[in-house]
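See structure below.
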Amino acid sequence: MLLAALLACFLAAANGPPLPTEGPPPTAELSQLRHQLIARINEHRAQYGLGRLKPDNTAERAAQFQAEDMLRTGQMQHVDARGRTPFERFESFGGKADYYGENLGFHTPAVVDPELLWHVLATLDAQMMAEVAPEDGHRRNILSRNFSAVGIGIAVGARGVFMSEDFVGYQYEKPHAVKVQATAPPSSSKI
């Protein structure tokens, strides 16, 4: 095990700057992980003949805030430490939508290496897609026809990995009414 860790450090040093061993992954790695997760979500949607979700910057900011808030408080929940629901948080960042949903995931211990972190995110995604009715709220959010965009939040720290997927949809070109759909978080997912 020690030999593997030393080899990983040597290879990382030979291939560029070393990855941090604690704290959040670098911004470039987080961006890549978000793109990978959105691509995975879109693969699921394509299997059911559903349209692709595009990235939404406002939903991403709201999702990232929630992921970091959960990391800070050590609690996986939809209502943030300021008492805001997912939709209220989205609105506070300037968002407007007819439909809004949020999926949350958690893993411990924390991992920073992008490959290991992707494995964690992919496993959380697989757990959500494996849900069966009537306990399939995460899966229903991923496959909802009401959503056209998504924002991904990822926070990593001493308390683990916290992920938030914030889904956005519009009934009309100009949103005029708010219909909120939120899914309760599952019990802590440990993989």
Side-chain angles (χ1 to χ4, degrees), residues 1-45 52-78 80-82 84 86 89-90 92-95 102-129 138 141-142 149-168 185-186 188-191:
M1 194 62 130
L2 180 59
L3 181 58
L6 290 173
L7 180 59
C9 288
F10 172 76
L11 290 174
N15 294 325
L19 292 170
T21 56
E22 58 184 49
T27 304
E29 278 80 7
L30 280 178
S31 180
Q32 178 61 33
L33 290 166
R34 284 185 183 106
H35 289 297
Q36 284 179 263
L37 188 53
I38 292 172
R40 176 69 54 94
I41 289 169
N42 282 328
E43 288 172 14
H44 300 314
R45 292 177 62 85
R52 299 177 59 79
L53 298 179
K54 60 185 177 193
D56 182 282
N57 291 333
T58 306
E60 181 180 304
R61 288 176 44 217
Q64 187 62 37
F65 179 92
Q66 186 59 8
E68 291 171 8
D69 189 68
M70 292 186 300
L71 177 64
R72 193 172 30 262
T73 63
Q75 296 181 350
M76 188 170 70
Q77 58 188 11
H78 289 287
D80 65 31
R82 296 179 185 175
R84 298 178 300 184
R89 193 168 38 256
F90 176 67
S92 75
F93 284 102
E102 180 175 78
N103 288 349
L104 302 177
F106 166 76
H107 168 77
T108 189
V111 294
V112 178
D113 176 79
E115 284 186 42
L116 295 176
L117 188 49
W118 169 244
H119 175 73
V120 166
L121 298 174
T123 301
L124 290 171
D125 173 74
Q127 290 171 346
M128 290 178 185
M129 287 304 296
H138 298 96
N141 273 346
I142 291 168
V150 65
I152 305 293
I154 304 166
V156 180
R159 292 182 165 141
V161 176
F162 289 85
M163 175 191 71
S164 179
E165 300 172 335
D166 285 29
F167 299 91
V168 184
S188 295
S189 300
K190 296 181 182 181
I191 51 176

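The shown structure was predicted, so the numbers you read here are calculated from the model rather than taken from an experiment.
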*Mind running side chain to side chain contact (heavy atoms under 4.5 Å, CB included) on Glu165 and Leu104 for me, showing each step along the way?*
CA-CA 6 Å; Glu165 300 172 335; Leu104 302 177; over 6 Å; no
*Could you go through the side chain to side chain contact (heavy atoms under 4.5 Å, CB included) check for Val161 and Thr108 one step at a time?*
CA-CA 6 Å; Val161 176; Thr108 189; over 6 Å; no
*Is there a donor-acceptor contact under 3.5 Å linking the side chains of Gln66 and Arg61?*
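Judged by distance alone, the side chains do not pair up.
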Would you compute the distance between atom [atom1] of [X] and atom [atom2] of [Y] and round it to the nearest 0.5 angstrom?
{"X": "Asp69", "Y": "Gln75", "atom1": "CG", "atom2": "CD", "result": "9.0 Å"}
{"X": "Glu29", "Y": "Glu115", "atom1": "CD", "atom2": "CD", "result": "11.0 Å"}
{"X": "Glu102", "Y": "Phe90", "atom1": "CD", "atom2": "CZ", "result": "12.0 Å"}
{"X": "Lys54", "Y": "Asn42", "atom1": "NZ", "atom2": "CG", "result": "12.0 Å"}
{"X": "His107", "Y": "Met76", "atom1": "NE2", "atom2": "CE", "result": "13.0 Å"}

*Distance-only, no hydrogens or angles: does the Ser31 side chain make a donor-acceptor pair with backbone N or O of Thr27 under 3.5 Å?*
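Answer holds: no.
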*Kindly say whether Ile142 contributes a backbone atom to a donor-acceptor pair with the side chain of Arg45 at under 3.5 angstrom?*
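Here the side-chain-to-backbone pair exists.
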_Does Arg89 form a side chain to side chain contact (heavy atoms under 4.5 Å, CB included) with Arg82? I'd like the steps, not just the answer._
CA-CA 9 Å; Arg89 193 168 38 256; Arg82 296 179 185 175; over 6 Å; no
_On a heavy-atom basis, which atom in Arg159 and which in Phe106 lie closest, and how many Å separate them?_
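The pair with the smallest heavy-atom distance is O-CE1, 3.4 Å.
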*Heavy-atom closest pair, residues Ala81 and Thr73*: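 Looks like CB-CG2, 4.1 Å.
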Taking side chain as C-beta onward, heavy atoms only, is [X] less than 4.5 Å from [Y]?
{"X": "Asp56", "Y": "Val150", "value": "no"}
{"X": "Glu60", "Y": "Asp166", "value": "no"}
{"X": "Pro114", "Y": "Gln32", "value": "no"}
{"X": "Phe162", "Y": "Ile154", "value": "no"}
{"X": "Met163", "Y": "Leu37", "value": "yes"}

*Would you verify whether the NZ or CZ of Arg84 falls within 45 degrees of the ring axis of Phe65 while also being under 6.0 Å from that six-membered ring's centre?*
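Yes, cation above the ring, under 6.0 Å and within 45°.
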_Please determine whether side chain to side chain contact (heavy atoms under 4.5 Å, CB included) holds for the pair Val156 and Leu117, giving the CA-CA distance in whole Å, both sets of side-chain angles, and the decisive distance to 0.1 Å._
CA-CA 9 Å; Val156 180; Leu117 188 49; 4.0 Å; yes
*Which of these passes side chain to side chain contact (heavy atoms under 4.5 Å, CB included) with Leu33: Ile152, Leu121, Ile38?*
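Exactly one candidate clears the test, Leu121.
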*Identify which one of His44, Gln36, His138 satisfies the side-chain hydrogen bond (donor to acceptor under 3.5 Å, both in side chains) criterion when paired with Asp125.*
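That would be His44; it is the only one of His44, Gln36, His138 passing the side-chain hydrogen bond (donor to acceptor under 3.5 Å, both in side chains) with Asp125.
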